[in-house]
Trainee: 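One structure is given below, represented as structure tokens, and several questions about it will come after.
Predicted model, so just to flag it, every value in this text is computed and none were measured. By convention in this document, chain letters (A, B, ...) are assigned in the order of the sequence lines, proteins followed by strands, and residues within each chain are numbered from 1.
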Amino acid sequence: MAEINRDKLADVLDDIALLLELKGENPFKIRAYRNGAETVRSFDGDIVQRAAEDNLKDIKGIGDALQQKLHELATTGSLQFHKDLKAEFPDALFELFELPGLGPKKIKVLYDKLAIASLGALQRACESGQVATLAGFGEKTASKILTAIDQRQRFAGRYVLAQAGLDAELILDELRQHPAVTRVAVAGSYRRAKETVHDLDFLVSTKDPAAVLSWFTGREGLEEIIAQGDTKASVRLAKGMQCDLRAVSDAEFPFALLYFTGSKEHNVALRRLALKQNLTLNEYHLAPLEGAKREDPTPALTTEGDIYRELGLNYIEPELREDRGELQAASAGLLPKLIEQENLRGTFHNHTTESDGRSTLEEMVEAAIDLGLDYLGISDHSKSSFQARGLDEERLLQQIQSIRTLNKDHKGFRIFAGSEVDILKDGTLDFSDDLLAQLDYCVASVHASFSLSENEMTKRVIRAMENPHVTMLGHMTGRLLLRREAYAINHDKIIDCAAATGTVIELNCSSKRMDMDWRWWHRARDKGVKCSINPDAHHASHLQNLHFGVRVARKGWLRREDVLNCLPLPEVEEWLRTAKGKRP
DNA sequence: GCCGTTTTCGGCCCGACTGTTTTCAGTCG
């Protein structure tokens with residue numbers, strides 16, 4: 001039986017939705033499958049187990065048909081209905097969905113009329129002029145497709161959060177200085193702090209949209225202008241990222257900001273809520289449904305908070321807007337007070353030139369002080385990570401001494417001596433317990449043997465977490481965003497083990513990692529697991545990534561009290577001195 | 001396909017832009 005997990009269940013439902021779209025099925029049926037996929041992804045509990053037991057009835061969004069299909073998937077590892085649908089179309093056809101401008105309807109026409117089922121065939125058909133003759137297609141469509149195929153090679157199309165941040169902040173600054181601009185914001189997945197984004201969505205309020213839009217499309221160094229209308233323009237930056245700008249009136253601004261921040265799922269849920277109150281919500285206003293009776297006119301709403309309040313909700317922070325329970329929490333007054341960057345007092349898991357860092361111990365300390373932190377943990381690699389010049393026992397003991405000495409020069413700032421110790425293939429650690437006991441703390445991480453089965457990997461990591469000297473688990477899945485997949489590991493079991501052993505889980509906020517993934521933190525938090533937001537800095541400048549770490553922690557519903565490195569120095573010292581099983 | 005203090009049938013979020021169309025379908029967010 002094929003190994004089945006939560007993601008596999010959700011992916012099959014999404015795949016069915018796509019296949020049904022190609023077949024031209026009822027769009028609401030398609031939406032039901034997509035909703036089902038999202039429900040599976042965000043379900044709080046062991047959805048695979050529930051599916052195997054055929055016990056999904058009370059889960060909103062899963063009806064008889066989806067329950068039956070999920071049950072078949074969970075018990076047999078595959079789904080006949082899915083296989084049959086897939087057999088109707090060649091695999092290569094699905095590449096076509098990656099081209100902007102092509103959706104299920106057009107792809108179906110290409111497939112039905114010209115038997116086009118791959119990027120190569122599509123390129124040839126565009127070049128030969130066949131595509132332009134199809135009903136609903138034309139010369140421009142054909143040439144746009146050719147451009148899209150070409151660009152697909154050059155621009156992978158997604159960017160990590162910190163990377164997008166450079167362009168986002170620059171363009172925001174320029175927009176703020178534009179004389180015709182009143183209010184400005186960057187919305188979209190960047191504002192929601194998704195770990196990767198595919199474009200940047202800017203929003204301005206202005207009395208002169210034409211002036212702002214023409215400034216936007218006239219900026220220097222653009223790769224292309226994708227679209228330009230009266231209120232909206234899209235451009236591609238030289239580095240390939242798409243940026244959209246929307247111009248609205250100042251009265252419309254909060255509605256547009258809410259709308260363009262998304263997520264799409266959050267918006268849909270919000271509009272459904274509005275409808276229940278006989279209101280209709282769009283990007284311009286909140287208004288009574290036509291014909292609906294409403295006692296009072298909607299009062300002036302000038303901020304997003306006003307709109308939420310009008311709908312009977314507390315203000316929902318952008319990071320939470322993923323339709324993962326935030327509307328219910330806002331309605332019940334149960335939203336968390338999310339962590340803020342100024343709550344961070346220090347950070348663990350940082351490297352120096354002793355292993356593979358590029359800044360010295362002293363440079364790292366200066367950078368931490370400049371950032372306003374009160375403590376910094378140094379955890380260079382251990383000896384098995386020879387590719388990273390990992391420290392052996394002798395060098396680690398010397399480093400501990402250097403740190404103790406350097407601490408004497410700093411009043412009110414503390415450097416903690418730690419290690420990022422390798423979790424070996426069998427779950428044992430790279431250093432003896434005696435040596436680990438001499439450290440202030442220890443981060444344990446997997447750096448090799450990524451291809452173990454989920455079961456073996458989970459056991460391996462659990463064994464390491466059961467060590468009384470392991471303070472925290474480093475980058476839990478080893479993923480590198482947009483570059484390397486996470487290794488297989490059972491999140492539920494690791495979180496349970498962290499709760500049982502008092503092991504902290506790291507939120508590694510290196511821009512390429514953001515690991516453990518934000519989708520799991522709410523659950524971990526509720527089980528009492530502590531988080532440590534760590535930049536895994538290999539250069540003094542990488543401490544800046546704490547900013548994005550905090551934003552992703554917010555996305556995981558984390559509060560100040562859930563994060564170890566929000567503790568003030570005296571308390572974190574006390575916490576580290578206390579034996580692992582007895583910590584608060 | 002899902003769902004119900006209007007319900008077991010008839011709804012299901014909404015608008016801009018583009019390209020192909022003489023009034024709109026498709027795509028995107």
Trainee: Report yes if a side-chain nitrogen or oxygen of A:Thr231 is closer than 4.0 Å to either non-bridging phosphate oxygen (OP1 or OP2) of B:dC17; otherwise report no.
Mentor: yes
Trainee: Hey, does the side-chain of A:Asn26 have a donor or acceptor N/O within less than 3.5 Å of a partner on the base of B:dG1?
Mentor: yes
Trainee: Does the side chain of A:Asp64 come under 3.5 Å of the side chain of A:Gln68 through a donor N or O and an acceptor N or O?
Mentor: no
Trainee: Closest approach to the side chain of A:Val268, judged atom by atom: which nucleotide of B:dG1, B:dC13, B:dG26 is it?
Mentor: B:dC13
Trainee: Between A:Ile145 (CD1) and B:dT27 (C1'), how many Å, whole number?
Mentor: 12 Å
Trainee: Would you indicate what A:Ile30 reaches in the nucleic acid, counting non-hydrogen atoms under 4.0 angstrom: base, sugar-phosphate, or nothing?
Mentor: nothing
Trainee: Using the C1' atom as the point on both nucleotides, what is the distance between B:dC9 and B:dC24, in whole Å?
Mentor: 30 Å
Trainee: Ignoring hydrogens and angles, state whether a donor on the side chain of A:Ser263 or A:Arg321 is under 3.5 Å from an acceptor on the partner side chain.
Mentor: no
Trainee: If each of A:Asp230 and A:Gln67 is mapped to the nucleotide of DNA chain B with the nearest heavy atom, which maps nearer the 5' terminus, i.e. the 5' end?
Mentor: A:Gln67
Trainee: Over how many whole Å does the gap from A:Leu258 atom CG to B:dG29 atom P extend?
Mentor: 18 Å
Trainee: For nucleotides B:dT20 and B:dT27, find the distance between their P atoms and express it as a whole number of Å.
Mentor: 13 Å
Trainee: Could you state the CD1-C1' distance from A:Ile59 to B:dC3, rounded to the nearest angstrom?
Mentor: 16 Å
Trainee: May I ask you to check whether over 12 heavy atoms, not counting those of A:Asp230, lie within 6.0 Å of atom CG?
Mentor: no
Trainee: Under 6.0 Å from the NZ atom of A:Lys140, do we count more than 12 heavy atoms belonging to anything else shown?
Mentor: no
Trainee: Mapping A:Asp244 and A:Gly61 onto DNA chain B by nearest heavy atom, which one lands closer to the 5' end?
Mentor: A:Gly61
Trainee: Among the nucleotides B:dG19, B:dC3, B:dC13, which one has an atom lying closest to any side-chain atom of A:Lys60?
Mentor: B:dC3
Trainee: I'd like to know if the side chain of A:Arg551 reaches the main chain of A:Tyr190, judged simply by a donor and an acceptor atom lying under 3.5 Å from each other, with no hydrogens or angles considered.
Mentor: yes
Trainee: For A:Asn267 and B:dC13, is the shortest distance between a side-chain N/O and OP1 or OP2 below 4.0 Å?
Mentor: no
Trainee: Nearest to the A:Asp199 side chain among B:dT18, B:dT20, B:dG29, which nucleotide is it?
Mentor: B:dG29
Trainee: Could you check whether A:Lys264 gets within reach of a base, just the sugar-phosphate, or nothing at all, counting any heavy atom under 4.0 Å?
Mentor: base
Trainee: Check whether any side-chain nitrogen or oxygen of A:Lys232 sits under 4.0 Å from OP1 or OP2 of B:dC17, and answer yes or no.
Mentor: no
Trainee: So which nucleotide from B:dC13, B:dG15, B:dT18 ends up closest to the side chain of A:Ala227?
Mentor: B:dT18
Trainee: So A:Lys69, base contact, sugar-phosphate only, or nothing? Heavy-atom distance under 4.0 Å.
Mentor: sugar-phosphate
Trainee: Rounded to the nearest 0.5 Å, what separates atom CD in A:Glu72 from atom OG in A:Ser78?
Mentor: 6.5 Å
Trainee: With a 4.0 Å cutoff (strictly under), does any side-chain N or O of A:Thr280 reach OP1 or OP2 of B:dC14?
Mentor: yes
Trainee: Looking at A:Leu93 and A:Ile116, what are the two nearest heavy atoms and their distance?
Mentor: CD1-O, 3.5 Å
Trainee: Answer yes or no: does atom CD of A:Glu139 have more than 12 heavy-atom neighbours from other residues, nucleotides or ligands under 6.0 Å?
Mentor: no
Trainee: Between atom CG in A:Asp201 and atom P in B:dA16, what is the gap in whole Å?
Mentor: 16 Å
Trainee: With heavy atoms under 4.0 Å as the rule, sort A:Ile62 into base, sugar-phosphate or nothing.
Mentor: sugar-phosphate
Trainee: Between B:dC12 and B:dT6, how far apart are the C1' atoms? Round to whole Å, please.
Mentor: 16 Å
Trainee: Given the P atoms of B:dT21 and B:dC14, what is the spacing between them in whole Å?
Mentor: 30 Å
Trainee: Using atom C1' of each nucleotide, how far apart are B:dT8 and B:dC2 to the nearest Å?
Mentor: 12 Å
Trainee: Ignoring backbone atoms, test whether A:Thr141 places a side-chain nitrogen or oxygen under 4.0 Å from the OP1 or OP2 oxygen of B:dT18.
Mentor: no
Trainee: Mind calculating the distance between CZ (A:Phe202) and C1' (B:dA16) to the nearest angstrom?
Mentor: 19 Å
Trainee: Rounded to the nearest Å, what distance is computed from the CD1 atom of residue A:Ile16 to the P atom of nucleotide B:dG1?
Mentor: 10 Å
Trainee: May I ask you to verify if any side-chain N or O of A:His198 is less than 4.0 angstrom from the OP1 or OP2 atom of B:dG29?
Mentor: yes
Trainee: How many whole angstroms separate atom CD1 of A:Ile226 from atom C1' of B:dA16?
Mentor: 15 Å
Trainee: What's the gap between B:dG11 and B:dT22 when it is taken at their C1' atoms, as a whole Å value?
Mentor: 32 Å
Trainee: Please tell me if A:Arg271 has a side-chain N or O lying less than 4.0 Å from either OP1 or OP2 of B:dC14.
Mentor: no
Trainee: Determine the contact category for A:Glu21: base if any of its heavy atoms lies under 4.0 Å from a base atom, sugar-phosphate if only primed atoms, P, OP1 or OP2 are that close, otherwise nothing.
Mentor: nothing
Trainee: Counting only side-chain heavy atoms from C-beta out, which of B:dA16, B:dG1, B:dT18 sits nearest to A:Lys144?
Mentor: B:dT18
Trainee: Please confirm whether the shortest side-chain N or O distance from A:Tyr284 to OP1 or OP2 of B:dC14 is below 4.0 Å.
Mentor: no
Trainee: Across the strands shown, which category fits A:Pro100 at heavy-atom distances under 4.0 angstrom: base, sugar-phosphate, nothing?
Mentor: sugar-phosphate
Trainee: Find the partner of B:dT8: check Watson-Crick (N1-N3 plus N6-O4 or O6-N4) and G-U wobble (N1-O2, O6-N3) distances, both under 3.5 Å, and reply none if neither fits.
Mentor: none
Trainee: Whole Å only: how far is the CG atom of A:Asp14 from the P atom of B:dG1?
Mentor: 16 Å
